[in-house]
Amino acid sequence: MATRDVAVVVGSLRKESFSRKMARAAADAAPETLKLEIVEIGQLPHYNQDEDTNPPAPWTQFRDRIRRADAVLFVTPEYNRSVPGVLKNAIDVASRPYGKSAWDKKPAAIISVSPGALSAFGANHHLRQSLVFLNMPAMQQPEAYIGGADKLFDAEGKLINDSTRGFLGKVMQAFAAWIDKLAP
Ligand code: FNR
């Protein structure tokens, strides 16, 4: 199996973000062939179509980083039953200029994370809607909705739940196979 560069986009800027901790736990649980790297999005200026002719450097850097990646893993909380604005902004930034989307054809997977019982289902599926338009083949199974996230980590941010660790391992194995199927 080839080694794959997986860009991890986390939909929260919060220092103690459960989503970020989950992204790190996913990296730990991933097979050797997947190299996961969190790609920051908090520095991206709001997308504004007027800037397409003279894009700010953070937009260009982010687009280039996504373009280099073999695949993208989104790990996101839910805000008001949808994706946080900061994540939508990152998606919009790398989708432009028109016809030059950095996301095009990148295999994707989604892990939604919440302290609540509904496990950010709404954000997970709103994100899937965007991925259809972005032409990103999103892994269907296993679906990854993780609830009760406030009880899964110790004070250092390490995952302390073995069942979640096992589940993350299965998700990442399936993602590796999904990427291989799409880009043998
Ligand atoms: C939330 N939260 C939340 N949770 C949820 O399960 N469904 C929701 O619709 C919302 N809506 C929402 C809106 C806003 C503006 C905030 C700030 C929060 C709670 C959210 O899940 C919680 O704050 C998480 O801890 C956020 O994820 P991170 O930052 O821990 O990754």
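Whatever order the structure lists ligands and atoms in, that order sets their numbers, starting from 1.
Judged purely by atom type and a 3.5 angstrom limit, Lys106 uses its side chain to pair as donor or acceptor with the backbone of Ala69. No side-chain donor-acceptor contact under 3.5 Å links Ser114 to the backbone of Ala120. Under a 3.5 Å cut-off, the side chain of Gln141 and the backbone N or O of Met139 do not form any donor-acceptor pair. No donor-acceptor distance shorter than 3.5 angstrom exists from the side chain of Ser17 to the backbone of Lys15, with no hydrogens or angles considered. At distances below 3.5 Å, not a single donor-acceptor pair connects side-chain atoms of Ser19 with backbone N or O atoms of Val75.
Within a 4.0 Å radius of atom 6 (O) of ligand 1, the protein contributes at least one heavy atom. By the definition of a contact as any protein heavy atom under 4.0 Å away, atom 10 (C) of ligand 1 is in contact.
Ligand 1 lies nowhere less than 4.0 angstrom from a heavy atom belonging to Gly116. Residue contact annotation: Asn80 has a non-hydrogen atom under 4.0 Å from ligand 1.
The protein heavy atom nearest to atom 27 (O) of ligand 1 is Pro77 CB, 3.1 Å. The nearest heavy-atom contact from the protein to atom 21 (O) of ligand 1 is Pro115 CD, 3.3 Å. In terms of protein heavy-atom proximity, atom 2 (N) of ligand 1 is nearest to Glu78 O, 3.6 Å. At the shortest separation from atom 25 (O) of ligand 1 among protein heavy atoms lies Phe18 CD1, 3.5 Å.
For ligand 1 and Ser114, the ligand atoms under 4.0 Å from any heavy atom of the residue are 4 (N), 5 (C), 6 (O), 21 (O). Distances below 4.0 Å separate heavy atoms of Arg81 from the following atoms of ligand 1: 7 (N), 8 (C), 9 (O).
Ile110 and Leu73 are not part of a single hydrophobic cluster, where members link through side-chain heavy atoms under 4.5 Å apart.
Here Ser12 has side-chain heavy atoms under 4.0 Å from ligand 1, and that is the only part of it that gets that close.
Residues Val10 and Ile41 form no side-chain contact, since every pair of their non-hydrogen atoms from C-beta on lies 4.5 Å or further apart.
Gln49 and Glu51 share no side-chain donor-acceptor pair at under 3.5 Å.
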